[in-house]
Amino acid sequence: MIWDYEVKEIILSTNSRQIGVLPNHAPIATAVDIGLLRIRRNGQWLTVALMGGFAIISNNEITILGNDAEISTDIDPQEAKQTLEIAEANLSRAEGKRQAIESNLALRRARTRV
């Protein structure tokens, strides 16, 4: 997804907390966690399920390089719920550290989509 618009505010999840980005924000570079990206433009909020990545904020611009992203209106709620149920079941059946980690990440992605 490539998106290039002027916005009023962005809220994104980092590894330590959510941050809000307004005009004239201090320059930073940060890892982006699995979670919701909220974008305020023209008085409306757009919500995006963002599957982690990296963000750079500088000179009133933000660049987000995401592992994957879906605009909330493009997500089928039934399919997202089914995926969540499958992820929960897979986590409960995970054997070993690697399977547990992979299942936990899949569960976090599924929860974000719901």
* Would a 4.5 Å heavy-atom cut-off, applied to side chains only, mark T14 and V32 as touching? -> no

Exercise. Same cluster for V7 and L46 if Ile/Leu/Val/Met/Phe/Trp/Tyr side chains link at under 4.5 Å?
Worked result: yes

Sorted by chain and residue number, the side-chain contact (heavy atoms from CB on, under 4.5 Å) partners of T47 (sequence neighbours excluded) come out as L36, R38, S72

By side-chain contact (heavy atoms from CB on, under 4.5 Å), Q78 pairs with (sequence neighbours left out) D76, K81

Sequence neighbours excluded, the answer for salt bridge (charged side-chain N to carboxylate O under 4.0 Å, His left out) partners of R40 is E9

Rounding to 0.5 Å, atoms CD1 (I10) and CD1 (I39) come to a distance of 5.5 Å

Look at the side-chain heavy atoms of Ile, Leu, Val, Met, Phe, Trp and Tyr, link any pair under 4.5 Å apart, and say whether I28 and L50 land in one connected group. yes

Hits for side chain to side chain donor-acceptor pair (under 3.5 Å) against N24, two or more places apart or cross-chain, chain-then-number order -> N60

- Please check if I71 and L37 belong to a single hydrophobic cluster, counting links between Ile, Leu, Val, Met, Phe, Trp and Tyr side chain heavy atoms closer than 4.5 Å. yes

List, one per line, each side-chain donor-acceptor pair under 3.5 Å for residues 104-114, sequence neighbours excluded.
unit_1: R108; atom_1: NH2; unit_2: D33; atom_2: OD1; d: 2.6
unit_1: R108; atom_1: NH2; unit_2: D33; atom_2: OD2; d: 2.9
unit_1: T112; atom_1: OG1; unit_2: R108; atom_2: O; d: 3.0
unit_1: R113; atom_1: NE; unit_2: E70; atom_2: OE2; d: 2.6
unit_1: R113; atom_1: NH1; unit_2: E79; atom_2: OE1; d: 3.0
unit_1: R113; atom_1: NH2; unit_2: E70; atom_2: OE1; d: 3.4
unit_1: R113; atom_1: NH2; unit_2: E79; atom_2: OE1; d: 2.9

Residues passing the side chain to side chain donor-acceptor pair (under 3.5 Å) test with R93, sequence neighbours excluded, are N90

- request: Return yes when atom CG of D74 has more than 12 non-hydrogen atoms of other residues, nucleotides or ligands closer than 6.0 Å, and no otherwise.
  value: yes

Residues I34 and M51: closest non-hydrogen pair is CG1-C, 3.9 Å

- request: Report the C-alpha distance between L12 and I64 in whole Å, list the side-chain angles of each, state the deciding distance to 0.1 Å, and finish with yes or no for side-chain contact (heavy atoms from CB on, under 4.5 Å).
  value: CA-CA 10 Å; L12 59 107; I64 300 171; 4.3 Å; yes

query: Would a hydrophobic clustering, with Ile, Leu, Val, Met, Phe, Trp and Tyr connected at side-chain separations under 4.5 Å, put L84 with V48?
result: no

Here the ring pair (Phe, Tyr, Trp, His ring centres under 6.0 Å) pairs for residues 5-62, sequence neighbours left out, are W3-Y5

Residue pairs passing the salt bridge (Lys or Arg N to Asp or Glu O under 4.0 Å) test with at least one member in residues 42-51, sequence neighbours excluded, are none

The complete set of salt bridge (Lys or Arg N to Asp or Glu O under 4.0 Å) pairs with one or both residues in residues 11-32, sequence neighbours excluded, reads none

Sorted by chain and number, sequence neighbours left out, side chain to side chain donor-acceptor pair (under 3.5 Å) with Q99 holds for none

The side chain to side chain donor-acceptor pair (under 3.5 Å) partners of E102 (sequence neighbours excluded) come to R98

Separation between CD1 (I19) and CG (L22), nearest 0.5 Å, reads 10.5 Å

For N67 and G53, the nearest pair of non-hydrogen atoms, with its separation, is ND2-N, 3.9 Å

